[in-house]
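Bear in mind the structure is a predicted one, so any value in this text is a computation, not a measurement. Residue numbers start from 1 in every chain, and the chains themselves are labelled A, B, ... in the order their sequence lines are given, proteins ahead of strands.
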Protein chains: 2
Amino acid sequence: MRDSTPTAPLSSSIGDYLKAIWTIAGTGSASTKEISVRLSVAPASVTNMLGRLQEQGLVVHERYRGASLTERGREEALRLVRRHRLIETFLLEHLGYSWEEVHEEAERLEHAVSDAFTQRLAEFLGHPDQDPHGEPIPTAEGVLEPDVSFPLSEAQAGQRVRIFKVSDEDASALDYLGERGLVPGRLLTVREVRELDSVTTVEDEGGESHSFGEALASSVFVREHTGQT
Amino acid sequence: MRDSTPTAPLSSSIGDYLKAIWTIAGTGSASTKEISVRLSVAPASVTNMLGRLQEQGLVVHERYRGASLTERGREEALRLVRRHRLIETFLLEHLGYSWEEVHEEAERLEHAVSDAFTQRLAEFLGHPDQDPHGEPIPTAEGVLEPDVSFPLSEAQAGQRVRIFKVSDEDASALDYLGERGLVPGRLLTVREVRELDSVTTVEDEGGESHSFGEALASSVFVREHTGQT
DNA sequence: GACATAATTTAGGTTAAACTAATAATATGG
DNA sequence: CCATATTATTAGTTTAACCTAAATTATGTC
Ligand SMILES: [Mn+2]
Ligand SMILES: [Mn+2]
Ligand SMILES: [Mn+2]
Ligand SMILES: [Mn+2]
């Protein structure tokens, strides 16, 4: 394993590929198709890029079998995830961005900021350990709190749950939920999980009832609630 | 000549070329060499890029004579200058950056932020009309206040002047001056401008005396002071 | 187990933005 | 006003990142 290019800073394309693989597969392996869909890039381009990523020691690619991150690849991905989430936090809490706009801006800025910037931004924000939709923010050392949340669509009737995070992929869902106060931290009681049409009904702390179709219920992630408050 | 690409967003290279021409020549024309030195790029690459910029209607290039910005080119350059200066202001005033670090970070970020970001950042900062070293910030409409300041090296003995801006090109000079409180806004009385060795001596409001060699005196820009305070 | 379908890779381009080396134009100063 | 130095352009490559079309491999179904 040659110690490839000393540390040529990685391009934004490379960064986005690494993040995509991490998001799709975590520690497992992501297929060419999945990556190509997520990045809106032709499959052939993915194959080509995976070759280069492998040469740089960032992924391991088994032909026709998909690619998985090496330790270095994972570190790189988490560095970007950290930046992305800190930037989103800043945009939302200090610049008055809406959910609609935030993700796209962060997707670009994450590649342009330095480590020093990230460090200082974290300080400015008071070293948050999660972003405004509840996703944990990896530490500067690349440690990411394991996630034990599950989508509301997999909850069971009668269960008491707390909203833990809301998927940031769908901006209109975020806005809809935000308006109803269905944000991370909110306590819910699951009233019904109807197999028939995949509708989940919950009651919030104020006694308000909310129904979620499949799409919504699978983008709201919760944790089982035990204990008070 | 097809009606050039509707509005493909300009690359960061292109942006840096436009800014370089603007800085070197303003409304006049910049030579291949000057641009190549400023951007640390081979002269041949500059010639090549000027060709493309001309096709895109951003500059006019006369072979062997240099290039000047078109109206569109100037607008683009000023948009970047606005972003650059707003970003520097933010980094200095809110993230605790030192002069050393600020310029480089802004040089990258200026290409990654959106117009929406710029707009909101300006609000966040209270719509400053100059950055922390006194450079005017172009408005969102691309209007830039004309600059009537001159380098301290061209002041005359006895003159009362106010520090207006400090060149941001030389970080160590900035630090030196900053430590002594010689920042924009400061009022000075010119005591001596010695031709012999190009040393300028001034007295500040607190009665402190400061001497500037050629290098320093030409990176401190002042305006004549009339009136009180 | 053969085949249709879907996923993947290969082959062959393109474009932006650099580079080096060679050549040409301009500027200078004696 | 010409020789020389400086500046600029041309020609030919390189690299990253994408593309399309064609060929190949895997997979799930009858
Ligand atoms: Mn996001
Ligand atoms: Mn990105
Ligand atoms: Mn600057
Ligand atoms: Mn720049």
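In this model, the phosphate group of C:dT9 is approached by a side-chain N or O of A:H61 to a distance below 4.0 Å at OP1 or OP2. Between A:R65 and C:dT9 there is no side-chain polar atom (N or O) within less than 4.0 angstrom of OP1 or OP2. Considering only side-chain N and O atoms, B:S45 lies nowhere under 4.0 angstrom from the phosphate OP1 or OP2 of C:dA18. The phosphate of C:dT9 has OP1 or OP2 within less than 4.0 Å of a side-chain N or O from A:T32. Between A:R63 and C:dT10, a side-chain N or O to OP1/OP2 separation shorter than 4.0 Å is present.
Whole-Å rounding puts the B:L10 CG to C:dA17 P distance at 10 Å. In this structure, A:N48 places its CG atom 15 Å from C1' of C:dT15, rounding to the nearest Å. Separating the CE atom of B:M49 from the C1' atom of C:dC19 is a distance of 14 Å, rounded to the nearest angstrom. Atom CG in B:L50 sits about 13 Å away from atom P in C:dA17, given to the nearest Å.
Taking the six-membered ring for Trp, B:F90 and B:F117 have ring centres at least 6.0 Å apart.
Other residues, nucleotides and ligands contribute only 12 or fewer heavy atoms inside 6.0 Å of the CD atom of A:E104. Counting heavy atoms of neighbouring residues, nucleotides and ligands inside a 6.0 Å radius, atom OH of A:Y176 does not exceed 12 of them. For B:E93, the CD atom is densely surrounded, since the number of other residues' heavy atoms within 6.0 Å is greater than 12.
Side chains of A:H133 and A:D131: a donor-acceptor N/O pair is present below 3.5 angstrom, by distance only. B:D16 and B:H111 share a donor-acceptor pair across their side chains, judged by distance under 3.5 Å alone.
Under 4.0 Å is where a charged nitrogen must lie from a carboxylate oxygen, and between B:R120 and A:E101 at least one such pair does. Classification of A:E55 and A:R52 as a salt-bridged pair fails, no side-chain N sitting under 4.0 Å from a carboxylate O. Contact check on A:R79 versus A:E76 returns a salt bridge, with a Lys/Arg side-chain nitrogen under 4.0 Å from an Asp/Glu carboxylate oxygen.
Contact annotation for A:R52: base contact, defined as any heavy-atom pair under 4.0 Å involving a base atom. Counting any heavy atom pair closer than 4.0 Å across all strands shown, A:S13 reaches sugar-phosphate atoms only and no base atom. Heavy atoms of A:V41 sit under 4.0 angstrom from primed sugar atoms or phosphate atoms, though from no base atom.
Out of C:dC19, C:dT9, C:dA18, the shortest distance to the side chain of A:Y64 is found at C:dT9. With distances taken from any side-chain atom of A:K33 to the nucleotides C:dA7, C:dA25, C:dA27, the minimum falls on C:dA7.
Of the residues in residues 16-27 of chain A, not one comes within less than 4.0 Å of DNA chain C through any heavy atom.
Close approach of DNA chain D to chain A, defined as any atom under 4.0 Å from a non-hydrogen atom of the protein, starts and stops at D:dA16 to D:dT27.
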